[in-house]
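To start, the structure itself, in structure tokens.
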Amino acid sequence: MGGGEDDGIDDGSVVSVEILSEHDEAPPLPPGRHRTLDLRPGHGEMIKPAELIDVSGHGHLTLSDKRIYNALVANAFGPAMGERGREFQISTTLLRGSHKGNERLKDSVERLMKTIVRVRLSDGQTRRVQLLGANDLHDDERQEGIFTYSFDPKLIGLLKNSTVFGKLEIQVMMAFTSSYALSLYEAVARRHRLQHKTSEKFTIEGLRDLLGVPEGKLDVWGNLFEKAIKPAIREINGLAAFGVGIRPIKTGRKITGAELSWWNKNEDELRDAFREIQQPKVGRKARIEGRAEESTRSLQEALASLPKPKPPKW
DNA sequence: GGAGTGTACAGCTCCGGGGA
DNA sequence: TCCCCGGAGCTGTACACTCC
């Protein structure tokens, strides 16, 4: 998520969607172009319209909020998502993850409802809509924990005509431990398939928005880099099918912007990423940083230095 | 001297799970 | 399903240090 009305130096990330009136039919597309909602995600993938990735003002959302929202989008995804007044249902078990109660789910839903999507329209106006529309959480026994939800009609208007999207690997998405990593992953996922582009420049504010850093937090570049950018890059480069890098741009000595770049991984890197996703989250940071190998080696050395145990007498 | 870098530490959030 | 707990590790802040 990122981009928006206060976007970066390079305007390439700003979503520009031609909005139709409530009753308009979608205009015909040029040959070879498809509407996002007509696409079919592959196995283990989800497709997220760019309008839901380039969201401003999502700084207060936690990692689990973002995951839950992606699960709701994945569940609703398809031509039906573009129908006004359409409601969708999903089992709360799928949204809760491994946690037993619904209390966190309720909190997440309320935070998602308070999140405003800001999209710049082609006529220069900015549209503001709620990320999640009206919903019902049935938590009595007869309803078996079903969450019924809808999207704002104005948001549906955007989604119906969307042609730009990001393909997200669900396993990778679930493996992130940092919310900044998930935001950066989504932002790059929608960009890295572009053949003519492998980088994009942002202002510091644009980059903060892209990562979803709350206002007033991590104001100093050093802190932003150390606590948000570095962990996000580390996780993506360790887990995703593509690599990312962020290079600061200086004006004099002051850092005034940053260049985000991305590339496809080679076979070995892909194999490493796949292997890491299969491993438990505990110790991932160390493994990704390559420290795991070192600590394993020192452990082996320590074990080797111990006196060999005598074979048991049977 | 101003700006970036590195790091220690405290607080917070996430996550998994026990028990009612 | 809810309430609660504890551990792991993420996040934010502050400060000393380095560099230009």
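Letters A, B, ... are given to chains in the order of the sequence lines, protein chains preceding strands, and every chain is numbered from 1. All figures in this text were calculated on a predicted structure; none of them were measured in a lab.
Rounded to whole Å, the distance from NZ on A:Lys106 to P on C:dC2 is 4 Å. In this structure, the CD1 atom of A:Ile229 is 12 Å from the P atom of B:dG4, given to the nearest Å. The CG-P distance, from A:Asp65 to B:dC14, rounds to 7 Å in whole Å. Taking atom NZ on A:Lys66 and atom P on B:dC15, their separation rounds to 12 Å, with Å as the unit. Note: CD1 (A:Ile204) to C1' (B:dG4) measures 12 Å, nearest angstrom. Regarding A:Phe225, its CZ atom lies at a distance of 13 Å from the P atom of B:dT7, rounded to whole Å. For the pair A:Met173 CE and B:dC14 C1', the interatomic distance rounds to 17 Å; values are reported in whole Å. As rounded to whole Å, 13 Å separates atom C1' of C:dT11 from atom CZ of A:Arg208.
Ring geometry for A:Phe151 against A:Tyr149 counts as perpendicular: the plane angle is over 60°, on a 0 to 90° scale with 30° as the lower cut.
Residues A:Trp221 and A:Lys227 both approach DNA chain B. Their nearest nucleotides, taken by heavy-atom distance, put A:Trp221 toward the 5′ side.
To the nearest 0.5 Å, the span separating CG on A:Leu260 from CD1 on A:Ile229 amounts to 10.0 Å.
A:Arg111 has no side-chain polar atom (N or O) that falls below the 4.0 Å cut-off from OP1 or OP2 of B:dT13. At C:dC10, none of the side-chain N or O atoms of A:Ser179 fall inside 4.0 Å of OP1 or OP2 (strictly under the cut-off). Taking side-chain N and O atoms only, A:Tyr180 has a distance below 4.0 Å to OP1 or OP2 of C:dG12.
For the residue pair A:Lys265 and A:Phe242, the shortest heavy atom distance occurs at CE-O, 3.5 Å.
With A:Asn75 contributing its side chain and A:Gln89 its backbone, the two residues share a donor-acceptor pair below 3.5 Å.
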